[in-house]
Trainee: 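Quick one: structure below, then a few questions.
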Amino acid sequence: MEYERRQYLDELTRKKDNGRVKVITGLRRCGKSYLLFNLYYKRLLESGVKEDQIITLALDEIDNARYRNPFELNSYVKERIKDRKRRYYVFIDEIQFVLTVPNPYVDDPEAKLTFIDVVLGLMKIPNVDVYVTGSNSKMLSSDILTQFRDRADEIRVFPLSFAEFYEHYEEDKRGAWQDYYTYGGMPLVWTLETHEERSSYLKNLFSQTYIKDVLERNNIRKDEEVLEILLNVLSSSVGSLTNPSKLSKTFDSERHISISPGTIDNYISFFMNAYLIDRAERYDVKGRKYIKTPLKYYFIDPGLRNARLGFRQIEETHLMENVLYNDLLRRGYDVDVGVVEVNAKKDDGSNFRKQLEVDFVVNRGDERYYIQSALSIDNPDKKQQEIASLIRIPDSFRKIVVVKDYMKPWRDDKGIQYVGVEQFLLSEDFLSR
């Protein structure tokens with residue numbers, strides 16, 4: 001089974017030969033390498049590019065270990081650029097494996113050379129178009145874009161979206177949604193047939209790939225147990241408000257482990273840099289300001305989250321919220337958690353300020369949408385509870401409730417729109433209609 005990954009393939013095609021390095025980022029095993037080395041490679045050939053014009057190198061393979069030295073990498077690529085009159089396309093996979101080495105030509109122990117120096121040199125060759133992939137956002141999303149002096153385009157690749165998964169789902173389509181929020185969108189999961197095989201694969205990704213990478217990259221082997229526990233706690237609290245201080249207290253009270261909020265915040269940043277989780281900030285809709293804490297954390301893939309907990313906590317309401325969050329990010333939106341403050345009365349008649357939550361405040365340019373994720377609105381009280389925050393937002397941007405059940409999109413007398421989760425996820429242009 002081959003997933004076309006049309007969104008990313010089309011983006012790469014649009015950016016072809018634009019004079020900038022294309023940086024393909026995302027979680028390891030989410031399909032970056034296949035996108036570049038198979039799908040985009042094939043598209044280049046179909047456009048008339050010859051095979052000897054495409055230079056490929058996968059740095060996570062042991063046979064290519066020598067090219068993790070920037071000098072060896074530079075030599076390898078340049079030796080294959082044989083004709084200055086022909087166009088060459090350079091694909092370097094998992095470039096974060098390239099080591100930082102001393103500059104032997106400078107009498108300064110602080111002078112270092114990295115993959116950035118290699119890629120900058122390649123970019124200066126007029127007939128070369130450079131593409132790199134990487135699985136660490138600290139190295140690739142911030143440093144590379146800064147040090148390349150605005151000469152890099154980042155293309156963020158996610159696991160399979162529900163729409164991509166659904167298109168190739170070969171069983172009864174009525175089971176697609178449950179399978180997706182249970183096992184997620186890591187492409188290789190769907191080459192496996194049984195729960196045991198899928199569970200084993202996802203659990204091994206954590207132990208053999210993700211945790212190992214985080215430990216080695218950040219040199220924190222002594223705190224492996226803490227990292228494991230923290231991942232479990234974050235997995236259990238998907239869709240819930242929390243913060244490093246609260247998590248620190250959880251470690252102390254439930255595990256009798258003393259760990260500072262600052263250390264926990266650092267460890268969470270390691271997971272975020274590895275694209276395992278993402279963080280949604282809280283935004284005061286009426287006050288038009290961000291609230292520093294608490295926050296919400298979401299897993300980039302629901303199957304990985306479920307595997308982390310041994311598939312023991314399959315709460316559809318939180319997983320549906322997680323899937324919607326990921327899909328909005330994939331579509332290119334900025335996503336926050338909304339807060340609407342309102343006046344309320346206590347039983348004794350006194351007034352107090354109450355915070356109502358909007359699951360997502362979604363922005364892109366001058367577009368804004370308020371989205372509520374609701375498993376069901378099957379009775380009037382439940383419906384009122386779900387829309388309580390939306391009806392108190394004093395602006396005219398679209399307000400949407402996404403529900404589990406299948407329904408044709410409709411709008412109530414308050415202007416709030418309702419749509420089923422599958423219809424929303426399968427309609428790429430739903431928000432722009």
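All values reported here derive from a predicted model rather than from experimental measurement.
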Trainee: If you look at every heavy atom in P187 and R29, which pair is closest and at what distance?
Mentor: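 Looking at all heavy atoms of both residues, the shortest contact is CD-O, 3.7 Å.
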Trainee: Evaluate ring-ring contact (aromatic ring centres under 6.0 Å, His included) for Y40 paired with Y131, printing each intermediate quantity in order.
Mentor: CA-CA 11 Å; Y40 189 58; Y131 301 76; 5.1 Å; yes
Trainee: Verify whether the ring centers belonging to Y169 and Y180 lie closer than 6.0 Å.
Mentor: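 Ring centroids of Y169 and Y180 are no less than 6.0 Å from each other.
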Trainee: Closest approach of Q417 and F430, non-hydrogen atoms and distance?
Mentor: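 The pair with the smallest heavy-atom distance is NE2-CZ, 3.7 Å.
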Trainee: Are the side chain of R308 and the backbone of E228 linked by a donor-acceptor contact shorter than 3.5 Å?
Mentor: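 Checking the backbone N and O of E228 against the side chain of R308, a donor-acceptor pair under 3.5 Å is found.
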Trainee: Decide yes or no on side chain to side chain contact (heavy atoms under 4.5 Å, CB included) for L188 and L192, but give the supporting numbers first.
Mentor: CA-CA 7 Å; L188 281 178; L192 308 173; over 6 Å; no
Trainee: State, to 0.1 Å, how close Y267 and L230 come at their nearest heavy-atom pair, and which atoms those are.
Mentor: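 Scanning both residues, the minimum pair turns out to be CB-CD2, 3.7 Å.
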Trainee: Measure the spacing between OG1 of T13 and CD of E11 and express it to the nearest 0.5 Å.
Mentor: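 Those atoms lie 10.0 Å apart.
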Trainee: Keeping S248 on the side-chain end and P244 on the backbone end, is there a donor-acceptor pair under 3.5 Å?
Mentor: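 The answer is no, because no donor-acceptor pair under 3.5 Å joins these two groups.
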Trainee: Considering non-hydrogen atoms only, spot the tightest contact between F206 and L276 and give its length.
Mentor: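 Residues F206 and L276, closest heavy atoms: CE2-CD2, 4.0 Å.
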Trainee: Taking NZ in K249 as the centre, count heavy atoms belonging to other residues, nucleotides or ligands within less than 6.0 Å. Is the count above 12?
Mentor: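 It does not: K249 NZ has 12 such atoms or fewer within range.
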Trainee: Assess whether atom CZ of R353 is packed by more than 12 heavy atoms of other residues, nucleotides or ligands within 6.0 Å.
Mentor: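 Yes.
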Trainee: Step through the shown structure and confirm whether more than 12 heavy atoms of other residues, nucleotides or ligands are within 6.0 Å of CD on E225.
Mentor: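 Atom CD in E225 is not crowded, with 12 or fewer foreign heavy atoms closer than 6.0 Å.
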Trainee: M123 and side-chain contact (heavy atoms from CB on, under 4.5 Å): which single residue from V21, V90, D129, V118 fits?
Mentor: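 Checked V21, V90, D129, V118 against M123; only one passes side-chain contact (heavy atoms from CB on, under 4.5 Å): V21.
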Trainee: For atom NZ of K112, decide whether the heavy atoms of other residues, nucleotides or ligands shown that lie under 6.0 angstrom number more than 12.
Mentor: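 Above 12, so yes.
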Trainee: Could you tell me whether the side chain of N306 and the main chain of P302 form a donor-acceptor pair under 3.5 Å?
Mentor: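 Answer holds: yes.
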Trainee: Between the side chain of N64 and the main-chain N/O of A58, is any donor-acceptor distance below 3.5 Å?
Mentor: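 Yes: the side chain of N64 pairs with the backbone of A58.
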Trainee: Can you confirm whether more than 12 heavy atoms, excluding those of D108, are under 6.0 Å from its CG atom?
Mentor: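 Count over threshold, so yes.
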Trainee: Kindly confirm or rule out a cation-pi arrangement of R156 over F158, judged by NZ or CZ under 6.0 Å from the six-membered ring centre and within 45° of its axis?
Mentor: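 Yes, R156 sits over the ring of F158.
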Trainee: Does NZ or CZ of R217 fall inside the cone over F270's six-membered ring, less than 6.0 Å from its centre and within 45° of the axis?
Mentor: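 Checked: cation-pi criterion not met.
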Trainee: Who pairs with Q208 by side chain to side chain donor-acceptor pair (under 3.5 Å), at least two apart in sequence or on another chain?
Mentor: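 Scan of Q208 (side chain to side chain donor-acceptor pair (under 3.5 Å), adjacent residues dropped) gives none.
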Trainee: Between F311 and Y183, is the ring centroid distance below 6.0 Å?
Mentor: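 Distance test on ring centres: under 6.0 Å, yes.
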Trainee: Among residues at least two apart in sequence or on other chains, which ones pass side-chain contact (heavy atoms from CB on, under 4.5 Å) with Y333?
Mentor: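 Expected list: L328, R331, V335, V362, R364, E367, Y369, L431.
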Trainee: Is the closest side-chain donor-acceptor distance between N322 and Y181 under 3.5 Å?
Mentor: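 No - no donor-acceptor pair under 3.5 Å links their side chains.
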Trainee: Using modelled atom types and a 3.5 Å cut-off, is there a donor and acceptor pairing between side-chain atoms of K15 and backbone atoms of K22?
Mentor: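 Checked: no pair found.
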Trainee: Looking at CD1 of I300 and OH of Y275, how far apart are the two atoms once the value is rounded to the nearest 0.5 Å?
Mentor: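 Atom-to-atom, I300:CD1 and Y275:OH are 10.0 Å apart.
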